[in-house]
Enquirer: 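To start, I am sharing the structure in question, which I have written as structure tokens.
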Amino acid sequence: GHNYSIWLRFKGGRGLATGAGGFFGFGVGYTVAWCLTWFTVYRLSHNILKGNLVAIVLTPMILFVLPSRWVEYAMIRNVSMTDYLTYSVMASGVLLLSHKDAIKELLAGESPS
């Protein structure tokens, strides 16, 4: 509802906070990895959009390379690592879709909104 609200003609936010909050139902691993990645990229580039995009793409990769016991330690629910990684890739895909217009503007050299 926050990304493609019917009340807003399937427009709306980009769903970052909603996605992070949704992952709290499984555990905090995705959100912590995303926030740390975003903060690092933002501090280096001083660009919120670049921080968002890099964090969206890298978060599932980070979760994949971390030792599984670290990710499982941060889980609230008993979810298999395969399912958790699958959900993280799917969530990142949806978040990237919600940024498609900003990505086009960024690639065209325009200042994204």
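These numbers come from the heavy atoms of this one structure, side chains and all, not from hydrogens, waters or symmetry mates. All values derive from a computational prediction rather than experimental measurement.
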Enquirer: Output a table of donor-acceptor pairs, distance under 3.5 Å, between side-chain atoms of residues 78-90 and any protein atom two or more places apart or on a different chain; print 'none' if there are none.
Expert:
{"from": "Ser80", "atom 1": "OG", "to": "Asp83", "atom 2": "N", "distance (Å)": "3.1"}
{"from": "Ser80", "atom 1": "OG", "to": "Asp83", "atom 2": "OD2", "distance (Å)": "3.3"}
{"from": "Tyr84", "atom 1": "OH", "to": "Tyr30", "atom 2": "N", "distance (Å)": "3.0"}
{"from": "Thr86", "atom 1": "OG1", "to": "Thr82", "atom 2": "O", "distance (Å)": "2.7"}
{"from": "Ser88", "atom 1": "OG", "to": "Leu85", "atom 2": "O", "distance (Å)": "2.8"}

Enquirer: Give, for atom CG of Leu107 and atom CD of Glu105, the distance between the pair rounded to the nearest 0.5 Å.
Expert: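 So the CG of Leu107 and the CD of Glu105 are separated by 10.5 Å.
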Enquirer: Rounded at 0.5 Å granularity, tell me how far CD1 in Ile56 sits from CG in Leu95.
Expert: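 One gets 5.0 Å once the value is rounded to the nearest 0.5 Å.
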Enquirer: Relative to each other, are the rings of Trp34 and Trp38 parallel, tilted or perpendicular (30° and 60° limits)?
Expert: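 The rings of Trp34 and Trp38 lie parallel, inter-plane angle below 30°.
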Enquirer: Where is the tightest heavy-atom contact between Ala33 and Leu63, given as atom of each residue plus distance?
Expert: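 Answer, listing the atom of Ala33 first, then Leu63: CB-CD2, 4.4 Å.
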Enquirer: So do the side chains of Leu96 and Ile103 get within less than 4.5 Å of each other, counting heavy atoms only?
Expert: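 Answer yes - side chains close enough.
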Enquirer: Just so I know, are the side chains of Leu53 and Val57 near enough to count as touching, which here means a heavy-atom distance under 4.5 Å?
Expert: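 No - every pair of side-chain heavy atoms lies 4.5 Å or more apart.
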Enquirer: Would you say CG of Leu66 has more than 12 non-hydrogen atoms from neighbouring residues, nucleotides or ligands within 6.0 angstrom?
Expert: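 More than 12 within 6.0 Å, yes.
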Enquirer: Hey, what do you get for CG (Leu44) to CZ (Phe39), rounding to the nearest 0.5 Å?
Expert: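 Rounded to the nearest 0.5 Å, the CG-CZ separation comes out at 9.5 Å.
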Enquirer: Shortest non-hydrogen contact from Leu49 to Asn47?
Expert: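 Minimum heavy-atom separation between Leu49 and Asn47: N-OD1, 2.9 Å.
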